[in-house]
Amino acid sequence: MIPMILFNQVNKWYGDYHALTDLSAEVKAGEVVVVCGPSGSGKSTLIRTVNRLEPIEQGQILFDGIDIHGSSTRLNQLRTRIGFVFQNFNLFPHVSVMENIMMSPVKVLGTKRSEARKHAGELLERVGLSHKANAYPAQLSGGQQQRVAIARALAMKPPVMLFDEPTSALDPEMVGEVLSVMRSLAQEGMTMMCVTHEMHFARDVADTIWFMDQGQILEKAAPEQFFSAPQHPRARRFLSDLLN
Amino acid sequence: MFDVFTILQDHGMLFLMGQYPNGPLGGVLCTLLISLLAVVFSFPLGVLVGLARLSPWRGLRWAAACWVYTLRGIPLMMVVFWTYFCVPLLIGQNISGFSTMLCTLVIYESAYIAEIVRGGIQALPQGQYEASRALGMSYLKTLRLVILPQALFNALPSLVSQLVSIIKDSTLGYVINVPELTYAANQVSNQLLTKPFQVFAIVALSYYIICFSLTWLANRLESWIANKRLNAQPLPGEEQSDPLFFANRKLNKETS
Amino acid sequence: MALDFSTILTGHYGAMIVKGATVTLELALGAWLLAMFIALLLLVVRLSENRIAMRMVAAYVSYHRNVPTLIQLMMWYFAIPTLLPESVQMWINDFNAEFLFSMFALGLCQAAYFSEDIRSGLRAIPDGQNEAARALGMSYMRAMGSVILPQGIRNALPALINHTVLLFKNTSLAMVIGVTELTYVTRDLENQTFRTFEAYAIGTLGYLAFSLLLMGLGALLGRHFQRVYAR
């Protein structure tokens, strides 16, 4: 089975700063990978390279076997198959919640409006926000906005969902509602890659933890092993800082 | 000083609409007409130039930058002369002063509108662009559906201010005999010879009223937009949806 | 129709252009100095917090921003003199009246814009700055001079530069009342030599060169302040 996402000797620079160094890894279909590490480790950069929000200078990234930097690759089409959830939600403030979710299926995939509306309604119910269909993003709390953002990404029916620190911008009491949605997605078998600081979530939901520091993945392990007996000294230090 | 009322009585029509219907439309109505037409035509041109300034193609960016910097760097008077000279050459026949002035205003103001549009687009959070690209929307779709609607809405007060500038700039039509309000003022003043102050006071007041009202409108727009965008509150009297709503639904599956 | 710049740039015509450019620069400089002086005056009046004075300043600014510059110019040149006593009018006619009136009109007009720019610049300073200065024992004047005004001017710089370029371009309006500045000379040149394109091109380049210089200066100053102050 080809992996859904394959990183092959990926290198990325911001000017002189080496952000990702010789990074190789893979995410299999149905796998939930949580990427963690100290700030500046390159976790967000890594996840943003998957749908080419950040380009890479060296190496290869394959999505479902397709080279995302290939000259014949149709990037827009590829992106419809990758769901991305941002730290700052990035909902479109000038249209309603329903319209936010429907916009891309209708305008990019060419779905009929009635069909898109029905599907959007189902997704809103799934994330617990049916009663907000006609509200505008500015009228929602942070947690509600992020759930709409997840619904918006799911509306494209992607095989993979990427989460870039989805709860970091939320007040603590709203983190749970977003993690619930992510948890259920994982339980349904969605292939997911999450950058997060929520270690309880990682322990409960992840299949694999990638620990990153200074642009490299220092350790890849199952949660039981990572949290009880981390191999890499940097990982050990990170976990002890976290728990103190 | 009370000649003002006699002047208004005798020449009010000239101030309001020039020689119409015995000649072309003039006075205040001509000023307003040329200004509104200038906005209507320079706006799309300005949007295009503004987008060109931000486009991914270097040649287009450079050309748009030249357009903007040149027009912002030379006086409107020079642009009037250029248009007066070039347009008959380009279309092979002479055109009226009104049309020349309209062309001039459209070209000149497009540079300023381009900068307003560019500012409006750049003021949007980068995340808006990223979110729509991440959903698979092309660059053009992103502009059309997400970026421009927001940017232009936010830029509305600046655009109204630009209309005020256009109205003030329309006074230069005087130089090429466009019968707008300034021209009418000079006509009346030359007729009366001894009351220039009263005549110009009337005209200054007219412009003041028009421009002041529009500026007031622009300020109101700005407050309304700021309110709508930044300070929107959650709908009153609503309950938070149950955060465990979703977890509960799946509970059955977990325990089975 | 071959382009021929040589006729324009040499001899009598060349001298005309230089003279026109000189008049433009003199007019711009004079108006700028007047505008700055009046803007600072308005600022002082505003700071006095006298309600009537502040209303008057607001009225001044409102008038000059809402009435077109050309009308203001005409008002000064055609209308105001008729209100002055006969003797003053004759004195005016003896001197270079058009130039002075233009300088006056442009200066007064731009003063309104400059004062608003400085006001916005001052408003952008956090309240804490004044509080900190006073808490350190500085007097009102010293706080103003050492802490508030320098920051205010720095904040106001982009707008001030923009309006300076605007002032420079507005000098072309003086042509309407017969001042022999660059635009007038360009027109004159065209009438005399029939080399329309060349004459206009020279005029355009003249304005463009100086405007770009001013805008470049503004960008330089902006970068300098950003480098020095933004840590």
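In this text the structure is predicted, and so the values were computed from the model without any measurement. Chain A is the first sequence line, chain B the second, and so forth, proteins listed ahead of strands; every chain is numbered from 1.
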Exercise. Does the pair Lys19(C)/Glu26(C) count as a salt bridge with the N-to-O cut at 4.0 Å?
Worked result: no
For this session: Against chain C, label Asn186(B) side chain, backbone, both or neither, depending on which of its atoms sit under 4.5 Å from a heavy atom there.
Result: side chain
Problem set entry | Interface moiety of Thr215(B) toward chain C, non-hydrogen atoms closer than 4.5 Å | side chain
Problem set entry | is_close_aromatic(Trp82(B), Tyr108(B)), centroid dist under 6.0 Å | no
Against chain B, label [X] side chain, backbone, both or neither, depending on which of its atoms sit under 4.5 Å from a heavy atom there.
| X | answer |
| --- | --- |
| Ser62(C) | both |
| Leu173(C) | both |
| Leu208(C) | both |
| Asn170(C) | neither |
| Val67(C) | both |

Problem set entry | Between CD1 on residue Ile121(B) and CZ on residue Arg53(B), distance to nearest 0.5 Å | 11.5 Å
Exercise. Hey, what do you get for CG (Leu27(C)) to CH2 (Trp32(C)), rounding to the nearest 0.5 Å?
Worked result: 15.0 Å
Problem set entry | Stepwise ring pair (Phe, Tyr, Trp, His ring centres under 6.0 Å) check, Phe200(B) with Trp76(C) | CA-CA 10 Å; Phe200(B) 281 106; Trp76(C) 278 107; over 10 Å; no
Problem set entry | Largest heavy-atom contact set with chain C, pairs under 4.5 Å, which of Met77(B), Lys168(B), Arg72(B) | Lys168(B)
For this session: Specify which of Tyr69(B), Phe212(B), Tyr174(B), Phe81(B) makes the most heavy-atom pairs with chain C at under 4.5 Å.
Result: Phe81(B)
Hydrogens and angles aside, do [X] and [Y] bring a side-chain donor and acceptor to less than 3.5 Å of each other?
| X | Y | answer |
| --- | --- | --- |
| Ser170(B) | Glu180(B) | no |
| Ser96(B) | Ser99(B) | yes |
| Tyr207(B) | Thr182(B) | yes |

Exercise. Chain B: which of Tyr200(C), Phe210(C), Tyr207(C) shares the most heavy-atom pairs with it under 4.5 Å?
Worked result: Tyr200(C)
Seminar exercise, completed: Counting heavy-atom pairs under 4.5 Å with chain B, the top scorer among Met74(C), Met215(C), Met75(C) is Met74(C)
